[in-house]
Structures are given as structure tokens and as C-alpha cells.
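Below: the structure, in C-alpha cells.
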Amino acid sequence: MMNAADTGQSSAPRLTSWNSQQIAQRVERLSLPGNVRLVAVSKTFPADAIRAAYAAGLRDFGENKVQEAITKQAELADLPDITWHFIGHLQTNKARKAVQHFDWIHSVDSLKLARRLDQIAAELSRSPVCCLQVKLLADPNKHGLTEAELWQALPDLAQLSHLELAGIMAIPPYGLLISQAQDFFERAYTLGQSLAKHQETSLPIRYFSMGMSQDFPVAIAAGANIIRLGTTLFGSRS
Ligand SMILES: *Cc1c(COP(=O)(O)O)cnc(C)c1O
């Protein structure tokens, strides 16, 4: 049986230069459905890699460290229409910089962080699009709200008027079988739909940020409309 982790890329050597034609070909080969937004995960790769992907037509870039992103953003200040997505664990003491420097935050993983982001967004007159990162299976390596925590926090989350809390992000634990990954993504999708339909305190959930290089076809089949790909576009990170 195929393991979800085996469908990804081999351990090719890390590239040191990027070519926009090659990236464009890689994107084309994905044959993504028109409703699926591709976030190019540029973490650990230099600004030049982003520049090549931009020339290939990509405009959404994902980073998981605030300072690393700020450095690259300064180098790319001549590219005006990039949408920056924060996808890493965010400590509350970096929340202000994250709101200043990112349009999206995919990794809102606690009520405490959500409240802090909301307060900062109000102060800065910003309105970041946010995804709630959910933890549907026990996973020591992942942050996120469990389903129980999410339902408990829902009335408070629904009050946070300065965030556009419109998405769910879910990352399956490492090493699931494809069938298990599919169940996992379907559960995340269903959870998002239930939050959107909830009577008194609904959230306008319409984004499903699910799927990385190793599992994005499974995620799309389960309803993902945002996928976050690094390795597939830019090559191996290690
Ligand atoms: C690194 C990362 C990705 C991209 O991973 P790949 O396997 O390289 O596609 C996607 N999402 C998050 C949250 C990440 O940290």
C-alpha cells in the first residue's frame, strides 16, 4: 500500500538557482482545478527563487518565519502585487510584525493568538485573512485547536471583528496512509462547513488551506481550495 509520504519528491540536491520557465512548467504539470489557489512556499529559499516564481506568474508566497520574510520582502520591494501568507507557528510577541507584513495568516492556532491578532489588526487598521489551524488527530509536532477547543472558542472567535476569520488549515500527521489522509482532510472540510453553518455564532469559513507537496491531490479531492507547495515548485529544502 502506498504511504502518503512516498508520493512526494525524492531527495534531490538543493537547487541554488531558479528558472522561471522551469517553475512555470512545474505549475502547469499540476493541472490544478481553477478554484484552487496555489501558495508557493518559499521558506528557506532566497528572494531570487521568489523572483523566478513571480516571473512564472505566481503571486502568492508562503513563509513560516517572520524575520526571514521581512528580509525577502525588502529585497522584493519592486514587485508590488505579491500576497504574503504566513504559514508557521506564530508566537504572540511576533504577532504585530506578522500583521504588518502579511496579508494572510494560515496558522491561527489558539484563541489567545486570535485575540492578540485582532487587537493588533484594529490598532493598525489592517484586516488579515485568517485560517484556524485545527488539530484533528493527536500530533506532538503540530500546533492547532482541537475540535473541542474550537467549538468552545467559537463564540469568542466570532466576536473578533478585525480579522477575516474565513479559513481552516489542517496538516495531517506524518506518515498517514493515503486513505487516512483522505479521511483527515474530509473531516477538516466538514468541520469548516459546520462552523460556517452554525446557528448563533457562525464564521464565514470558505477557504480550506490543506495540501502540501506530498498530499495535495488527496487534499483537493477532499475540498481544499488553497494548497501550499514548496518542494514541488522550488526543489528540495535540505
Ligand atoms: C513547509 C510547509 C509547506 C510546504 O511543504 P512542501 O512539502 O515543501 O510542499 C506547506 N505548509 C506548511 C505549513 C509548511 O511549513
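Ligands are counted one by one from 1 in listed order, and the atoms in each one are counted from 1 as well. Residue numbers count from 1 along this sequence.
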Review item, side-chain donor-acceptor pairs of residues 81-89, under 3.5 Å, at least two apart:
from  : atom 1 : to     : atom 2 : distance (Å)
Asp81 : OD1    : Tyr54  : OH     : 2.4
Asp81 : OD2    : Arg59  : NE     : 3.2
His85 : ND1    : His106 : NE2    : 2.8
His85 : NE2    : Asp60  : OD1    : 2.7
His89 : ND1    : Asp109 : OD2    : 2.7

Item checked: CA sep, side-chain torsions, deciding dist, call: Lys197, Ser202, side chain to side chain contact (heavy atoms under 4.5 Å, CB included) -> CA-CA 6 Å; Lys197 287 192 209 121; Ser202 66; over 6 Å; no
Margin query: Looking at Glu75 and Arg51, is any side-chain nitrogen of the basic one under 4.0 Å from a carboxylate oxygen of the acidic one?
Written below: no
Note to self: Set out, in order, the CA-CA distance, both residues' side-chain angles and the distance that settles side chain to side chain contact (heavy atoms under 4.5 Å, CB included) for Ile171 and Arg228, then state yes or no.
What the structure shows: CA-CA 11 Å; Ile171 305 174; Arg228 309 175 313 273; 3.5 Å; yes
Check: For ligand 1, what is the set of protein residues having any non-hydrogen atom at a distance below 4.0 Å?
Finding: Val41, Lys43, Ile87, Ile171, Met212, Ser213, Arg228, Leu229, Gly230, Thr231, Arg237
Check: For Tyr207, does its backbone N or O pair with a side-chain atom of Asn225 as donor and acceptor, under 3.5 Å?
Finding: no
Check: Do Gln25 and Gln21 get their side chains close enough for a donor-acceptor pair, meaning under 3.5 Å?
Finding: no
